[in-house]
Amino acid sequence: MNGEVLKNYINGKWIESVTDKTRDVINPATGEIIAKSPISTKEETLQAIEAAKTSFWRWRTTPAQSRIRYLYDFREALEENFDELSEVLTIEHGKTIDESRGEYRRTIENIETATTIPTLQMGYNIEDVAAGIDEMVIKQPLGIFFCVAPFNFPAMVPSWFWPYAIATGNTYILKPSDQCPLSMVKQFEIFDEIGIPKGVINLVHGGAEAVNTLIESPDTVGLSFVGSTKVGKLLYKKCGEFGKRVQVQGGAKNFITVMPDANLERTIPNLITSFYGNAGQRCLAGGVLLAVGDIYETLRESLLEAAKKITIGEGLDESIQMGPLASEAGMKSVLSYIQTGVEEGAEIILDGRNVRKNEKFLNGFFIGPTIFDKVTPSMTIAQDEIFGPVIPIIHVKNLDEAINIIHENPYGNASSIFTSSGKIAREYQYRVNVGNIGINIGVAAPISTFPFSGMKDSFKGDLHGQGKNAVDFFTEEKVVITRWF
Amino acid sequence: MNLATLGAVLKFALKLETEARDFYENNANFTSFKSLLIQYEKRIKKLKRIRRENTTEMILEPIENFVSEPYEITILIEDNKTENTGKIIEKTLERFYSDSAEKVSFLSEVTYKFEEIALEHKNNALTM
């Protein structure tokens, strides 16, 4: 990490980009430039497509059991290099080292799930659909898939997709986050070490030109995207125009409802994790706290007390509980939202901007835990995804009012309820129109055998990442009807 | 040191285990305790495995009111003034893991493992 320009990995080789356009990769805890991400050209992207196209048939005809052995090797390498990989992730993103370890654990879990492809990819059949005629379904790979990855989980999110894609017999092109590309570069170094056949998986750094080239190519099949809803909608539309399969995971505004019967002692640490984990830069992060009925005052005071205790600093320090925002732009955006909250009349009871008065935090992109009270549903901080460590509290009368507020928001990624009542919990999971529901869980993150769901403006497409959904996304069901004379 | 995260607890646990192992390894009174050294090696591996496998990001919660100072054994080892140093080390480690198990109760797998390790140290103390 010496400020070098990163290379693409195409057809089993590390190749320098010919572009003179780069983006600085910055350690957000120190402001130091640690690498430069090239904005690869159209021609370079086409080279990756050609490599993936050339290798497809040989890879597709490789038995599934042989394909997944590369995943076993990859998994073992991740375990062996776990500490180093976690540190690189913390350095490029700013998240705490524990958060990086957790991200890599989920990455490994996805690879483990994809190693069960010989079972997951099985079709089904029945004899005698008519006398002497049998019918079966075969799940076949389709060709070249690609991923446009986000900055907030730069190591893990790609693993919702690529292990399933290549395990089912497709070839793959990954465009990593240009803000946090180092973790994927490290993972591609592992691909190179384990000797995965050339062209099966390729890495192309870049921006819009690379993405457009991938979508417009007649040789590619589908896109997996995780990022903002604004960009996601554009890509969804474009993929439709070019006949691509697509799964778009967009933005979020996740409402966390706390009922009067909630166990506050257990709830408060969960809320801290939900709103402030990963410095609030999760698509599953708490976005608004809905305090129902007479728990409001106690909840507010307990939360304030807990939030004040959070330790902030460079993520490699084990004792730190919250790192910086991942970029200066992200930090400025959050600061702007905080200012908007103040201007729109919310009461700021914990002001995270104050940490920037401390000299040791000035070079990094730090904002401390922030809490707004007396927020109304129409305020900007109650509607927009802030993507930072900010808790807007809305006091509501009852569950119906809470659910109405949730449904009026265009996003539908996740929502959680804290309650001791099974009846209320069931009603919540039944009625609330979001993809991932947490019941006494502040971060409703599905494990790798379940789909990472999402609804409304938080997801466009029909098949999600992870597990069986991913297998279906990366395969086509071919029906064969057989009669022998 | 403030043990405010699972990572901080595990880092300190590894420091304790390493210091204690080195003490036994370099102390003539314990050279016959081969099984103890093997036990320490296994435990260090176990702790590293916990750090890799049980840091479940979505349920990591802050740890409050937990610091390393009451469990430090460095000075005890350096002084080594008493024949009971080994016993005191084991009892200190038992206390550390028992307290840690309570502090990380949000990760029940880790709690169980810390309870197991506390028991190992308790048994070691009884045999010294």
Side-chain angles (χ1 to χ4, degrees), chain A residues 78-83 85-86 90 95-109 153 156 265-274 276-278 282 284-285 305-307 309-311 313 315-322 369 414 416 436 438 440-447, chain B residues 1-19 41-72 74 96-97 99-114:
Chain A
L78 290 188
E79 294 284 10
E80 283 167 19
N81 297 286
F82 193 87
D83 291 339
L85 290 166
S86 300
T90 287
K95 61 182 66 188
T96 68
I97 189 69
D98 268 359
E99 288 167 341
S100 291
R101 289 175 184 137
E103 179 168 347
Y104 262 105
R105 181 50 45 197
R106 183 53 54 84
T107 305
I108 290 169
E109 287 168 4
F153 287 89
M156 177 194 73
E265 192 184 340
R266 299 297 306 274
T267 300
I268 294 296
N270 259 270
L271 296 178
I272 293 291
T273 302
S274 177
Y276 297 140
N278 215 29
R282 279 195 188 108
L284 292 175
E305 190 184 340
K309 292 179 184 166
I310 292 174
T311 50
L316 290 177
D317 179 345
E318 297 272 8
S319 66
I320 290 304
Q321 294 168 316
M322 193 172 86
S416 297
N436 304 287
N440 296 318
I441 292 281
V443 183
I447 66 163
Chain B
M1 180 184 174
N2 192 8
L3 305 178
T5 64
L6 177 65
V9 172
L10 288 165
K11 184 179 179 182
F12 182 65
L14 283 161
K15 174 180 173 286
L16 288 178
E17 295 286 344
T18 307
E19 283 179 341
E41 290 301 334
K42 280 186 177 174
R43 204 157 37 235
I44 287 169
K45 280 184 189 168
K46 182 189 266 190
L47 288 166
K48 287 180 178 172
R49 190 175 185 119
I50 292 171
R51 188 162 67 182
R52 286 201 317 274
E53 297 190 358
N54 296 120
T55 311
T56 309
E57 198 251 356
M58 68 176 178
I59 51 174
L60 281 177
E61 293 178 5
I63 297 169
E64 291 184 353
N65 306 321
F66 198 36
V67 293
S68 63
E69 283 72 14
Y71 313 99
E72 289 284 1
T74 314
F96 168 70
Y97 285 108
D99 294 346
S100 297
E102 282 183 27
K103 291 291 181 184
V104 300
S105 60
F106 53 90
L107 289 168
S108 53
E109 277 182 88
V110 183
T111 296
Y112 299 149
K113 287 170 185 168
F114 280 177

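A, B, ... follow the sequence lines: proteins, then strands. Residue 1 opens every chain.
- Using a 4.5 Å cut-off on side-chain heavy atoms (C-beta onward), A/T96 and B/T5 make no contact.
- Using a 4.5 Å cut-off between heavy atoms, A/N270 contacts chain B through both its backbone and its side chain.
- For the atom pair NZ (B/K11) and CG (A/D98), the distance works out to 11.5 Å, reported to the nearest 0.5 Å.
- Atom CD of B/E109 has 12 or fewer neighbouring heavy atoms from other residues, nucleotides or ligands inside a 6.0 Å radius.
- Atom CD of A/E265 has 12 or fewer heavy atoms from other residues, nucleotides or ligands within 6.0 Å.
- When heavy atoms are compared at a cutoff of 4.5 Å, A/E109 does not approach chain B at all.
- Interface remark: B/I63 contributes backbone atoms only to the contact with chain A (heavy atom separation under 4.5 Å).
- No more than 12 heavy atoms of other residues, nucleotides or ligands lie within 6.0 Å of NZ in B/K42, so this atom counts as exposed by the packing criterion.
- The side chain to side chain donor-acceptor pair (under 3.5 Å) test applied to A/N436 returns no partner, not counting sequence neighbours.
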Worked check of side-chain contact (heavy atoms from CB on, under 4.5 Å) between B/E53 and A/R105: CA-CA 6 Å; B/E53 297 190 358; A/R105 181 50 45 197; 3.6 Å; yes
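- The CD atom of A/E318 sits 9.0 Å away from the CG atom of B/L6 when rounded to the nearest 0.5 Å.
- Residue contact with chain B, scored on non-hydrogen atoms closer than 4.5 Å, involves the backbone of A/I320 exclusively.
- The parts of B/L60 that come within reach of chain A are both its backbone and its side chain, each placing non-hydrogen atoms under 4.5 angstrom from that chain.
- Take B/L14 and apply the side chain to side chain contact (heavy atoms under 4.5 Å, CB included) test, not counting sequence neighbours, and it matches B/I44, B/L47, B/K48, B/R51.
- Tested against B/E61, the residues A/L271, A/I268, A/I272, A/T273 include a single side-chain contact (heavy atoms from CB on, under 4.5 Å) partner, A/T273.
- Of all the heavy atoms in B/P62 and A/Q321, the pair that sits closest is CB-NE2, 3.2 Å.
- If you measure heavy-atom distances from A/S319 to chain B, the contacts under 4.5 Å come from both the backbone and the side chain.
- Here A/E79 is the residue among A/E79, A/R266, A/K95 with the most heavy-atom pairs under 4.5 Å with chain B.
- If you tally non-hydrogen atom pairs under 4.5 Å between each of A/S274, A/G277, A/P269 and chain B, the highest count goes to A/P269.
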